[in-house]
Amino acid sequence: MKSTVLTKLAFICLLIYAPIQTMAWGMTGHRIVGEIASCYVNKHAQKEISLILGSESLAMSSNWADFIKSEPAFNYLGTWHYANFKDQLNYQTLKDQMEQDTTLNIYNRIKFISSELKNKNLDKSKKQLYLRLLVHFVGDIHQPMHMGKKEDSGGNGIKVFWFNQPSNLHRVWDEQLIEYQQLSYTEYTKVINHATSQQVKNWQKDDLAIWAHESYVASRKLYSEINPEEKLSYKYNYVNVELLNERLLKGGVRLGGLLNQIFSN
Ligand SMILES: [Zn+2]
(Lines give C-alpha, C1' and ligand atoms only; values in the text may rest on other atoms or scores of the structure.)
Protein backbone atom coordinates (compact mmCIF):
# COMPACT_ATOMS: atom_id res chain seq x y z
CA MET A 1 0.00 0.00 0.00
CA LYS A 2 2.64 2.42 1.11
CA SER A 3 4.73 1.80 -1.96
CA THR A 4 1.71 2.44 -4.22
CA VAL A 5 1.25 5.82 -2.61
CA LEU A 6 4.94 6.51 -3.03
CA THR A 7 4.81 5.49 -6.68
CA LYS A 8 1.86 7.79 -7.22
CA LEU A 9 3.68 10.60 -5.47
CA ALA A 10 6.76 10.03 -7.58
CA PHE A 11 4.64 10.11 -10.70
CA ILE A 12 2.97 13.37 -9.68
CA CYS A 13 6.38 14.89 -8.93
CA LEU A 14 7.57 13.79 -12.35
CA LEU A 15 4.54 15.42 -14.01
CA ILE A 16 5.14 18.66 -12.16
CA TYR A 17 8.84 18.57 -12.80
CA ALA A 18 8.81 17.53 -16.46
CA PRO A 19 7.77 20.85 -18.05
CA ILE A 20 10.45 22.72 -16.09
CA GLN A 21 13.07 20.91 -18.15
CA THR A 22 12.15 22.76 -21.32
CA MET A 23 11.29 26.11 -19.80
CA ALA A 24 14.05 28.29 -21.19
CA TRP A 25 15.74 30.89 -19.03
CA GLY A 26 14.02 30.04 -15.76
CA MET A 27 11.79 32.58 -14.06
CA THR A 28 14.68 34.78 -12.98
CA GLY A 29 16.39 34.86 -16.37
CA HIS A 30 13.25 35.96 -18.19
CA ARG A 31 12.51 38.59 -15.56
CA ILE A 32 16.03 40.01 -15.87
CA VAL A 33 15.54 40.42 -19.64
CA GLY A 34 12.17 42.14 -19.07
CA GLU A 35 13.52 44.39 -16.32
CA ILE A 36 16.50 45.49 -18.42
CA ALA A 37 14.22 46.15 -21.41
CA SER A 38 12.05 48.46 -19.34
CA CYS A 39 15.12 50.70 -18.81
CA TYR A 40 15.43 51.21 -22.59
CA VAL A 41 11.78 51.71 -23.45
CA ASN A 42 10.93 55.31 -24.37
CA LYS A 43 8.00 57.25 -22.92
CA HIS A 44 5.70 56.72 -25.87
CA ALA A 45 6.27 52.97 -25.96
CA GLN A 46 5.88 52.79 -22.19
CA LYS A 47 2.48 54.43 -22.48
CA GLU A 48 1.34 51.91 -25.10
CA ILE A 49 2.72 49.02 -23.03
CA SER A 50 0.84 50.23 -19.94
CA LEU A 51 -2.40 50.34 -21.93
CA ILE A 52 -1.88 46.67 -22.76
CA LEU A 53 -0.37 45.27 -19.57
CA GLY A 54 -1.91 47.61 -16.99
CA SER A 55 0.18 47.51 -13.83
CA GLU A 56 2.01 44.33 -14.88
CA SER A 57 5.71 45.05 -15.53
CA LEU A 58 7.62 43.64 -18.49
CA ALA A 59 9.61 41.58 -16.00
CA MET A 60 6.52 39.96 -14.54
CA SER A 61 4.89 39.46 -17.93
CA SER A 62 7.88 37.46 -19.14
CA ASN A 63 6.97 34.09 -17.61
CA TRP A 64 3.45 33.91 -18.97
CA ALA A 65 4.55 31.83 -21.96
CA ASP A 66 5.76 29.13 -19.55
CA PHE A 67 2.81 29.45 -17.15
CA ILE A 68 0.35 28.57 -19.91
CA LYS A 69 2.21 25.42 -20.94
CA SER A 70 -0.10 23.43 -18.68
CA GLU A 71 -3.17 24.61 -20.64
CA PRO A 72 -4.03 22.34 -23.58
CA ALA A 73 -5.57 25.34 -25.38
CA PHE A 74 -2.07 26.79 -25.68
CA ASN A 75 -0.34 23.60 -26.86
CA TYR A 76 0.11 25.22 -30.26
CA LEU A 77 2.77 27.50 -28.71
CA GLY A 78 5.07 24.56 -27.92
CA THR A 79 7.48 25.00 -30.82
CA TRP A 80 7.57 28.79 -30.57
CA HIS A 81 10.29 28.79 -27.89
CA TYR A 82 13.23 27.51 -29.92
CA ALA A 83 14.73 26.39 -33.22
CA ASN A 84 17.07 23.47 -33.96
CA PHE A 85 20.02 23.51 -36.31
CA LYS A 86 22.72 21.35 -37.86
CA ASP A 87 26.36 22.24 -37.20
CA GLN A 88 28.52 24.66 -39.15
CA LEU A 89 25.97 27.17 -40.38
CA ASN A 90 27.14 30.70 -41.01
CA TYR A 91 24.93 33.74 -40.47
CA GLN A 92 23.45 33.65 -43.96
CA THR A 93 22.73 29.91 -44.11
CA LEU A 94 21.19 30.03 -40.66
CA LYS A 95 19.04 33.01 -41.67
CA ASP A 96 17.96 31.35 -44.94
CA GLN A 97 17.02 28.20 -43.08
CA MET A 98 14.91 30.10 -40.54
CA GLU A 99 13.25 32.17 -43.26
CA GLN A 100 12.32 29.04 -45.22
CA ASP A 101 11.23 26.98 -42.23
CA THR A 102 7.48 26.39 -42.54
CA THR A 103 7.12 25.10 -38.98
CA LEU A 104 6.44 27.71 -36.33
CA ASN A 105 9.79 28.51 -34.75
CA ILE A 106 11.06 31.24 -32.49
CA TYR A 107 12.40 33.30 -35.39
CA ASN A 108 9.29 33.50 -37.55
CA ARG A 109 7.09 33.83 -34.45
CA ILE A 110 8.99 36.87 -33.11
CA LYS A 111 8.54 38.44 -36.55
CA PHE A 112 4.85 37.52 -36.62
CA ILE A 113 4.12 38.79 -33.11
CA SER A 114 6.02 42.04 -33.75
CA SER A 115 3.97 42.78 -36.85
CA GLU A 116 0.69 41.84 -35.12
CA LEU A 117 1.46 44.20 -32.24
CA LYS A 118 1.84 47.07 -34.72
CA ASN A 119 -1.79 46.59 -35.74
CA LYS A 120 -3.78 49.21 -33.83
CA ASN A 121 -7.03 47.31 -34.41
CA LEU A 122 -5.92 44.08 -32.79
CA ASP A 123 -8.16 43.31 -29.82
CA LYS A 124 -6.79 43.93 -26.37
CA SER A 125 -6.64 40.34 -25.14
CA LYS A 126 -4.63 39.33 -28.24
CA LYS A 127 -2.32 42.28 -27.73
CA GLN A 128 -1.77 41.26 -24.14
CA LEU A 129 -1.01 37.67 -25.08
CA TYR A 130 1.36 38.68 -27.87
CA LEU A 131 3.24 41.21 -25.77
CA ARG A 132 3.74 38.71 -22.97
CA LEU A 133 4.93 36.14 -25.51
CA LEU A 134 7.29 38.61 -27.16
CA VAL A 135 9.03 39.48 -23.89
CA HIS A 136 9.51 35.76 -23.30
CA PHE A 137 10.70 34.76 -26.76
CA VAL A 138 13.24 37.58 -27.09
CA GLY A 139 14.69 36.14 -23.89
CA ASP A 140 14.61 32.60 -25.24
CA ILE A 141 16.35 33.47 -28.49
CA HIS A 142 19.29 34.77 -26.43
CA GLN A 143 19.58 31.50 -24.47
CA PRO A 144 22.25 29.58 -26.42
CA MET A 145 20.69 26.17 -25.84
CA HIS A 146 17.47 27.34 -27.53
CA MET A 147 19.45 27.37 -30.77
CA GLY A 148 20.63 23.82 -30.12
CA LYS A 149 20.50 20.47 -31.87
CA LYS A 150 17.40 18.45 -32.63
CA GLU A 151 18.93 15.11 -31.65
CA ASP A 152 19.44 16.13 -28.01
CA SER A 153 16.45 18.53 -27.73
CA GLY A 154 18.61 21.60 -27.29
CA GLY A 155 20.89 20.00 -24.72
CA ASN A 156 18.09 18.41 -22.66
CA GLY A 157 19.55 15.06 -23.70
CA ILE A 158 23.11 15.94 -22.60
CA LYS A 159 23.18 14.58 -19.08
CA VAL A 160 25.58 16.29 -16.67
CA PHE A 161 25.86 16.86 -12.94
CA TRP A 162 25.46 20.31 -11.44
CA PHE A 163 27.14 20.35 -8.02
CA ASN A 164 26.62 16.58 -7.87
CA GLN A 165 22.89 16.77 -8.72
CA PRO A 166 21.77 15.08 -11.95
CA SER A 167 20.97 17.72 -14.54
CA ASN A 168 21.41 18.42 -18.24
CA LEU A 169 23.11 21.07 -20.33
CA HIS A 170 19.86 22.84 -21.20
CA ARG A 171 18.80 23.13 -17.60
CA VAL A 172 22.19 24.39 -16.46
CA TRP A 173 21.77 27.27 -18.90
CA ASP A 174 18.07 27.88 -18.25
CA GLU A 175 18.28 28.08 -14.53
CA GLN A 176 21.16 26.69 -12.60
CA LEU A 177 23.93 29.07 -13.64
CA ILE A 178 21.60 31.99 -12.92
CA GLU A 179 20.46 30.58 -9.58
CA TYR A 180 24.08 30.05 -8.61
CA GLN A 181 24.62 33.85 -8.62
CA GLN A 182 22.10 34.11 -5.75
CA LEU A 183 20.59 37.40 -6.88
CA SER A 184 16.97 38.44 -7.28
CA TYR A 185 16.03 39.63 -10.76
CA THR A 186 16.19 43.27 -9.67
CA GLU A 187 19.58 42.78 -8.00
CA TYR A 188 20.83 40.90 -11.04
CA THR A 189 19.66 43.71 -13.33
CA LYS A 190 21.57 46.27 -11.24
CA VAL A 191 24.72 44.17 -11.48
CA ILE A 192 24.75 43.65 -15.27
CA ASN A 193 22.79 46.56 -16.71
CA HIS A 194 25.81 48.64 -17.70
CA ALA A 195 25.97 48.63 -21.48
CA THR A 196 27.74 51.62 -23.02
CA SER A 197 25.67 53.87 -25.30
CA GLN A 198 27.68 52.54 -28.25
CA GLN A 199 26.86 48.94 -27.29
CA VAL A 200 23.18 49.81 -26.96
CA LYS A 201 23.23 51.43 -30.40
CA ASN A 202 25.03 48.50 -32.02
CA TRP A 203 22.99 45.76 -30.36
CA GLN A 204 19.67 47.39 -31.15
CA LYS A 205 20.75 47.72 -34.79
CA ASP A 206 21.48 43.98 -35.12
CA ASP A 207 18.74 42.04 -36.88
CA LEU A 208 16.91 39.06 -35.47
CA ALA A 209 19.08 36.60 -37.40
CA ILE A 210 22.18 38.03 -35.69
CA TRP A 211 20.59 37.47 -32.28
CA ALA A 212 19.88 33.87 -33.27
CA HIS A 213 23.27 33.30 -34.86
CA GLU A 214 25.13 34.56 -31.79
CA SER A 215 23.20 32.09 -29.63
CA TYR A 216 23.83 29.35 -32.18
CA VAL A 217 27.61 29.98 -32.17
CA ALA A 218 27.60 30.07 -28.36
CA SER A 219 25.68 26.79 -28.22
CA ARG A 220 28.22 25.03 -30.46
CA LYS A 221 31.02 26.23 -28.20
CA LEU A 222 29.14 24.94 -25.13
CA TYR A 223 28.46 21.58 -26.81
CA SER A 224 32.12 21.21 -27.73
CA GLU A 225 33.31 21.89 -24.19
CA ILE A 226 31.13 19.36 -22.43
CA ASN A 227 31.60 15.65 -21.83
CA PRO A 228 28.61 13.39 -21.16
CA GLU A 229 28.04 12.88 -17.41
CA GLU A 230 30.52 15.64 -16.65
CA LYS A 231 30.51 17.07 -13.15
CA LEU A 232 30.04 20.81 -13.44
CA SER A 233 30.58 23.18 -10.55
CA TYR A 234 32.72 26.20 -9.60
CA LYS A 235 34.89 26.18 -12.68
CA TYR A 236 31.97 25.99 -15.09
CA ASN A 237 30.52 29.08 -13.49
CA TYR A 238 33.86 30.89 -13.59
CA VAL A 239 34.37 30.11 -17.28
CA ASN A 240 30.81 30.87 -18.41
CA VAL A 241 29.36 33.60 -16.21
CA GLU A 242 30.52 36.35 -18.55
CA LEU A 243 28.76 34.75 -21.53
CA LEU A 244 25.64 34.20 -19.44
CA ASN A 245 25.47 37.85 -18.38
CA GLU A 246 26.15 39.08 -21.89
CA ARG A 247 23.28 37.03 -23.32
CA LEU A 248 20.88 38.34 -20.65
CA LEU A 249 22.00 41.94 -21.13
CA LYS A 250 21.82 41.84 -24.92
CA GLY A 251 18.37 40.23 -24.70
CA GLY A 252 17.10 43.05 -22.49
CA VAL A 253 18.67 45.89 -24.48
CA ARG A 254 17.37 44.49 -27.76
CA LEU A 255 13.88 43.86 -26.39
CA GLY A 256 13.75 47.52 -25.33
CA GLY A 257 14.76 48.60 -28.85
CA LEU A 258 12.24 46.27 -30.48
CA LEU A 259 9.40 47.57 -28.30
CA ASN A 260 10.31 51.17 -29.20
CA GLN A 261 10.18 50.19 -32.85
CA ILE A 262 6.85 48.36 -32.52
CA PHE A 263 5.16 51.20 -30.64
CA SER A 264 6.72 54.03 -32.62
CA ASN A 265 3.47 55.53 -33.92
ZN1 LIG B 1 10.52 29.64 -23.46
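Side chains are part of it too, since the values below use all heavy atoms of this structure and drop only hydrogens, waters and symmetry mates. Ligands are counted one by one from 1 in listed order, and the atoms in each one are counted from 1 as well.
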Trainee: I'd like to know: is the Zn ion (ligand 1) within the 2.8 Å range of an N/O/S atom from D140, strictly under that distance?
Mentor: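 Given the 2.8 Å cut-off, D140 counts as a ligand of the Zn ion (ligand 1).
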Trainee: Can you tell me if, anywhere in H146, an N/O/S atom lies at a distance from the Zn ion (ligand 1) that is smaller than 2.8 Å?
Mentor: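 No, H146 does not qualify, because none of its backbone or side-chain N, O or S atoms lies under 2.8 Å.
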Trainee: Please find the N/O/S atom of H81 nearest to the Zn ion (ligand 1) and write down its name.
Mentor: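 Output for this pair reads ND1.
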Trainee: Is it possible for you to check whether K149 lies under 6.0 Å from the centre of the six-membered ring of F85, through NZ or CZ, and within 45° of that ring's axis?
Mentor: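 Because its charged atom misses either the 6.0 Å distance or the 45° angle limit, K149 does not stack over F85.
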Trainee: Is the side chain of N193 donor-acceptor paired with the backbone N or O of T189 at a distance under 3.5 Å, no angle test?
Mentor: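 Not a single qualifying donor-acceptor pair exists.
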Trainee: Taking the cut-offs as 6.0 angstrom to the six-membered ring centre and 45 degrees off its axis, would you call R109 and F112 a cation-pi pair?
Mentor: yes
Trainee: Taking 2.8 Å as the cut-off, does H136 contribute an N, O or S atom near the Zn ion (ligand 1), distance below it?
Mentor: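 So H136 does bind the Zn ion (ligand 1) by this criterion.
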Trainee: Angle class for the Y236/W173 ring planes (parallel below 30°, perpendicular above 60°, tilted otherwise)?
Mentor: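 Plane angle over 60°, so perpendicular.
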